[in-house]
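Below is one structure, written out as structure tokens; comments come after it.
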Amino acid sequence: MNDQNQQSDVPTPRMFSWARNSTIYRLERRMMTEKQLFDAITRKAKEKFEDISPAQLKALADSAVKFAYDQEALDDVAYAAVCTRSAVRGGKSKRIIAQKLSSKGVASDIVDTALENADDLFAAVVFARKRAFGPFRRGDLDEKRKVKELSAFARNGFSFEIGKKVFGMSPGEAEEVLETRLAL
């Protein structure tokens, strides 16, 4: 009876093989953080294997993460850099990007490094263009619309100063910010 209890803490070779294949499958499709991979393998192993012990779950997830690092397929620094560049081009503020990366398990020092070159002004101009705010506004500006636009900047993590600056730009100035940044 003791042998069965001890053995239940060690995953079977079939389980390890499944974890390896599942890791390859996931990482071929998209970049993941260490935490995302660990959580995904744990969640799927619970579904796949009946009566799997918590120790086996942890061992499988740990082996999957180790395998991904051994294959150089897991890199939180690269993940943070790619996500940050993409989010800035999509009009996301540094604050929103930091929250998203932190929620995905990226360490705060890696988040800080990734955000060093992020340009909140560029992101705010992109955001304004997407929402037809400030220099991209099509209609007339009344007090209600002004409050709505400035509030949207704040809700999306931009400082009041940046929101106000973009809000007050001419269409030419906004295009210049976009062109200057895209040329880099």
Side-chain angles (χ1 to χ4, degrees), residues 1-120 122-124 126-127 130-131 151-159 162-163 181 184:
M1 185 102 171
N2 270 350
D3 289 341
Q4 285 181 334
N5 288 342
Q6 285 180 329
Q7 194 174 19
S8 71
D9 287 350
V10 178
T12 64
R14 180 175 165 258
M15 289 176 174
F16 279 121
S17 177
W18 171 86
R20 180 181 167 276
N21 291 338
S22 186
T23 299
I24 292 167
Y25 173 83
R26 290 171 196 304
L27 293 175
E28 280 180 337
R29 277 147 186 74
R30 67 181 180 100
M31 289 181 80
M32 298 178 97
T33 65
E34 180 179 326
K35 179 184 183 298
Q36 285 177 306
L37 179 61
F38 186 93
D39 292 348
I41 295 296
T42 302
R43 184 179 64 252
K44 287 297 185 181
K46 283 181 191 176
E47 295 172 10
K48 174 105 176 129
F49 302 107
E50 292 179 21
D51 302 325
I52 189 168
S53 72
Q56 286 175 316
L57 281 173
K58 183 170 180 353
L60 279 182
D62 286 340
S63 74
V65 168
K66 182 185 180 317
F67 173 75
Y69 274 119
D70 290 348
Q71 300 303 311
E72 297 179 0
L74 202 59
D75 184 353
D76 283 1
V77 173
Y79 179 89
V82 168
C83 286
T84 299
R85 281 193 306 273
S86 176
V88 166
R89 285 192 311 266
K92 304 287 188 232
S93 69
K94 285 183 178 184
R95 187 174 299 140
I96 297 292
I97 297 167
Q99 287 174 350
K100 183 175 183 181
L101 289 174
S102 294
S103 74
K104 297 205 181 273
V106 178
S108 61
D109 59 325
I110 295 173
V111 172
D112 294 342
T113 303
L115 291 175
E116 282 176 0
N117 296 325
D119 184 353
D120 251 3
F122 174 80
V126 170
F127 175 75
K130 285 173 114 178
R131 300 282 296 268
S151 297
F153 280 110
R155 279 193 309 277
N156 284 281
F158 295 106
S159 70
I162 287 182
R181 173 62 190 209
L184 295 176

Mind checking salt bridge (charged side-chain N to carboxylate O under 4.0 Å, His left out) for Lys100 and listing every partner two or more places apart, or none if nothing turns up?
none
Cation-pi check for Tyr25 against Arg29: NZ or CZ below 6.0 Å from the six-membered ring centre and within 45 degrees of the axis, yes or no?
yes
Can you tell which of Asp75, Leu37, Thr23 makes a side chain to side chain contact (heavy atoms under 4.5 Å, CB included) with Met32?
Leu37
Distance in Å, Ile52 CD1 paired with Leu57 CG, rounded so as to fall on 0.5 Å steps:
4.0 Å
Are Asp62 and Lys66 close enough for a salt bridge, meaning some N to O gap below 4.0 Å?
no
For residues Phe38 and Lys58, report the shortest heavy-atom separation together with the two atoms involved.
CE1-O, 4.2 Å
Donor-acceptor pair, side chain of Ser17 and main chain of Pro13, under 3.5 angstrom
no
Closest heavy-atom pair and its distance - Ala81, Ala114
N-CB, 4.2 Å
Quick one: does any side-chain atom of Ser86 pair with a main-chain N or O of Cys83 as donor and acceptor, under 3.5 Å?
no
Over all heavy atoms of both residues, which pair between Gly90 and Lys130 is shortest? Give the atoms and the distance, please.
O-NZ, 2.9 Å
Under 3.5 Å donor-acceptor, Lys35 side chain and Ser102 backbone:
no
Looking only at heavy atoms, what is the nearest atom pair of Ser93 and Asp120, with distance?
CA-OD1, 3.4 Å
Quick check against the 3.5 Å criterion: does Thr84 have a side-chain atom that pairs as donor or acceptor with the backbone of Ala80?
yes
For Glu34 and Tyr69, the nearest pair of non-hydrogen atoms, with its separation, is OE1-OH, 2.7 Å
Quick check against the 3.5 Å criterion: does Thr33 have a side-chain atom that pairs as donor or acceptor with the backbone of Gly105?
no
What closest approach, in Å, do Ala64 and Ile41 show between heavy atoms, and which atom pair accounts for it?
CB-CG1, 3.8 Å
Hey, does the side chain of Asp76 reach the backbone of Ala107 with a donor-acceptor pair shorter than 3.5 angstrom?
no
With a 4.5 Å heavy-atom cut-off, do Val77 and Thr113 have their side chains touching?
no
With the side chain counted from C-beta on, respond yes when Leu60 and Lys48 share a heavy-atom pair under 4.5 Å apart, and no when they do not.
no
Say you draw a straight line from NZ of Lys94 to CG of Asp119; how long is it, rounded to the nearest 0.5 Å?
7.5 Å
Are Arg43 and Asp39 ion-paired here, with the side-chain N under 4.0 Å from a carboxylate O?
no
Roughly how far apart are Ser63 OG and Arg20 CZ, rounded to 0.5 Å?
11.0 Å
Measure the shortest side-chain to side-chain distance between Gln36 and Tyr79 over non-hydrogen atoms and say whether it is less than 4.5 angstrom.
yes
Give the ring-plane orientation class for Phe158 versus Phe153, where under 30° counts as parallel, over 60° as perpendicular and anything between as tilted.
perpendicular
Asp9 side-chain N/O to Ala55 backbone N/O, donor-acceptor pair under 3.5 Å
no
For Glu47, look at atom CD and say whether over 12 heavy atoms of other residues, nucleotides or ligands are found less than 6.0 Å away.
yes
